[in-house]
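Here is the structure we will look at.
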Amino acid sequence: MKTRLFSGWKTRAQMLCLAALCGLMTAGVASTAFAAQDTVAPTTEAPATDAAPAPIEAAAPAEAVAAPAEAPAEEAPAEEAPAPTISKPDTVWVLVSAVLVIFMTLPGLALFYGGLVRSKNVLSILIQNLAVFSLVAVLWAVYGYSFAFTEGNAFIGGTDRLFAAGLNASSIGATFTKGVYIPELAFFVFQGAFACITCALIVGAFAERVKFAGVMLFTVLWFTFAYLPMAHMVWFFPGPDAFTSNEVVPEVLAKSGYLWAKGALDFAGGTVVHINAAIAGLVGAYVIGKRTGYGREAIKPHNLTLTMVGASILWVGWFGFNAGSALEAGGVAAIAFVNTFLATAAAVVAWLLVEWITKGKPSLLGAASGAVAGLVAITPAAGLVGLNGALAIGAIAGVLCLWGVSGLKKMLGADDSLDVFGVHGVGGITGALLTGVFAAPSLGGAGIWDYVTETGVAEYSIGSQVWIQAQGVLITVVLSSVVALVSYLIVKYTVGLRVPEEAEREGLDITSHGESAYEA
């Protein structure tokens, strides 16, 4: 019988992967581990029901062995291991989380961005979000999921799921706990929503001046050559059931994503989503150039009410984004949920306090931006740190991201229209590095999870883990920047990147889409 394993996550198998063991339902760690199988029992371990492992009958009863020779007892046929059974509560949680992630983009991110642009460009940013989301969803089914979450090599997956091959109602996959399964389709749509919002984030960096055709072509290129390799490197491993003994650990690591095998911790997408998208956006801001009148004319958000509504929707949706990455409705999901709640609040308070002190007045734009900064920063750490760690990460990110959209932005000299790098880049890097600090058990974190023994590892070096985290950040920056630069140049010399100056002055709503958000 052939068994396929699909997974996504982070840590060192023997002493890698963290999490809080919570009952028998949540021994996993953090983000997107997944093991898809062809409706057969795994060969490594007996499958489990929703609560406990099913017993295995290993041999015929002793009475049969001791029966008289003249009347040999007929041997009882060996029973096959029962087929894996999905956990219905965990399935519901992952599906609900997928809905919340979709809700983050449509309408959350769209409204957040829409309020920040000028009124003549609001429809253009809305349609870019909707179109990019839809395009990536299609690409995810055609080849994205296969290249991200099937076995290939350390940097990219294989072809087992091209054109959604094998994805049906009977296909199941592992969570982060041995013997606990969910439908593969639940994992497919959950991770697909991640890919969609990541690509949609980028458009905020070059808003109000880019061609619609250019956005679409760039999305295809960057998604294929930047997002998919990062998702595979950070989140793919053959699943917890593959860790049957210490002897097989090297073999399992050889099949895992490059950064997962190195032990990089990224619970829900600090590198894969936020740093990845932010770098692509920053490169775009440089390549496309500044908006007409930037630095000489007042360019202000046209509707902060929309921005506040969008930020609030993002916060709500982010509970699915982070807590759903536990893949199980248990203790790890609960701590990721609470950490998302606390870190975001801490970032809002920190941003407003510093803004109040330095500028004399706290602003709604600052509060909304602070909320997003906290959400971004806690993403890689959500299920791995304690509550005090979450508060610290949120507060630090609030201060650093305020500097990112003010002081750092001036230093960089790029017109990052909606501060994608200042918030997602700075916040993502901050969260990724601090995950290595606050995941330490001595600071209330989950530490490192050993999938072989299904216990936590006693040893944890903050310095070593921060260095591993830094490597993940650097690889993300290099890969995303190179792919983005090449992709922008391809777009520039094919369909074109930037609209004419006259069209930009009139507004993209009318010139690119023939519509107006507000009637005169």
Side-chain angles (χ1 to χ4, degrees), residues 109-110 112-136 198-227 276-302 405 409-425 480-517:
L109 182 65
F112 182 78
Y113 278 176
L116 291 175
V117 298
R118 290 167 288 183
S119 59
K120 61 184 179 181
N121 295 313
V122 59
L123 292 185
S124 72
I125 202 73
L126 295 182
I127 191 174
Q128 286 172 20
N129 271 266
L130 177 58
V132 166
F133 184 97
S134 302
L135 173 62
V136 173
T198 303
C199 294
L201 285 172
I202 302 172
V203 304
F206 43 70
E208 302 193 296
R209 59 197 186 275
V210 69
K211 287 186 175 181
F212 183 72
V215 172
M216 301 302 280
L217 178 56
F218 170 80
T219 297
V220 174
L221 296 171
W222 186 86
F223 165 76
T224 304
F225 298 105
Y227 183 84
N276 208 10
I279 294 298
L282 181 62
V283 172
Y286 281 123
V287 174
I288 298 170
K290 299 176 182 179
R291 286 168 288 181
T292 300
Y294 181 79
R296 302 187 307 275
E297 304 172 6
I299 300 178
K300 298 180 179 180
H302 91 283
V405 303
K409 186 174 183 177
K410 292 178 181 178
M411 292 168 57
L412 294 173
D415 180 13
D416 179 357
S417 305
L418 309 183
D419 294 317
V420 176
F421 182 77
V423 175
H424 294 272
S480 184
S481 59
V482 171
V483 171
L485 178 59
V486 173
S487 299
Y488 286 123
L489 293 177
I490 291 174
V491 173
K492 181 177 181 179
Y493 294 109
T494 53
V495 300
L497 265 175
R498 186 163 184 161
V499 300
E501 182 177 341
E502 300 76 23
E504 185 180 341
R505 287 194 177 280
E506 185 176 353
L508 302 188
D509 289 2
I510 290 295
T511 58
S512 294
H513 306 289
E515 300 173 299
S516 178

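Keep in mind that what you see is a predicted model, and the values were worked out from it rather than measured.
Under the 3.5 Å distance criterion, the side-chain polar atoms of Lys410 are left unmatched by any main-chain donor or acceptor of Val405. In this structure a side-chain-to-backbone donor-acceptor pair under 3.5 Å is present from Tyr488 to Ala280. With hydrogens and angles disregarded, a donor-acceptor distance shorter than 3.5 Å links the side chain of Lys409 to the backbone of Asp416. No donor-acceptor pair under 3.5 Å is formed between the side chain of Tyr113 and the backbone N or O of Asn129.
Nearest heavy atoms, Val220 versus Thr224: O-OG1, 2.7 Å. Of all non-hydrogen atoms in Ala226 and Asn276, the two that sit nearest each other are O-ND2, 3.8 Å. Pairing each heavy atom of Arg118 with each of Ile299, the nearest pair is NE-CG2, 3.8 Å. Contact between Ser417 and Arg209 at its shortest, heavy atoms only, is OG-NH1, 2.6 Å. Between Ile125 and Val122, the shortest heavy-atom contact is CG2-O, 3.1 Å. Closest approach of Ala285 and Ala205 over heavy atoms only: CB-O, 4.1 Å.
Under the rule for a side chain to side chain donor-acceptor pair (under 3.5 Å), the partners of Thr292 that lie at least two apart in sequence or sit in another chain are Glu504.
Heavy atoms of other residues, nucleotides or ligands lying less than 6.0 angstrom from CZ of Phe212 number more than 12.
In this structure, CG in Leu123 is found 10.5 Å from CG in Leu508, a value given to the nearest 0.5 Å. The OG1 atom of Thr494 lies 10.0 Å from the CG atom of Leu489; values are rounded to the nearest 0.5 Å. Atom CG of Leu217 and atom CG of Leu497 lie 9.0 Å apart (nearest 0.5 Å). To the nearest 0.5 Å, atom CD of residue Glu208 and atom CD1 of residue Ile288 are 12.5 Å apart. The CD atom of Gln128 lies 9.0 Å from the CG atom of Asn121; values are rounded to the nearest 0.5 Å. Annotation: the span from Arg291 atom CZ to Arg296 atom CZ amounts to 12.0 Å, rounded to 0.5 Å.
Between Phe218 and Phe206, the ring planes lie perpendicular to each other; the angle is over 60°, past the 30° to 60° tilted range.
A 4.5 Å side-chain heavy-atom check between Leu282 and Val420 finds every atom pair outside the cut-off. Looking at heavy atoms from C-beta onward, Phe225 lies out of side-chain contact with Ser487 at the 4.5 angstrom threshold.
Counting only residues at least two apart or on different chains, no side-chain hydrogen bond (donor to acceptor under 3.5 Å, both in side chains) pair has a member in residues 506-515.
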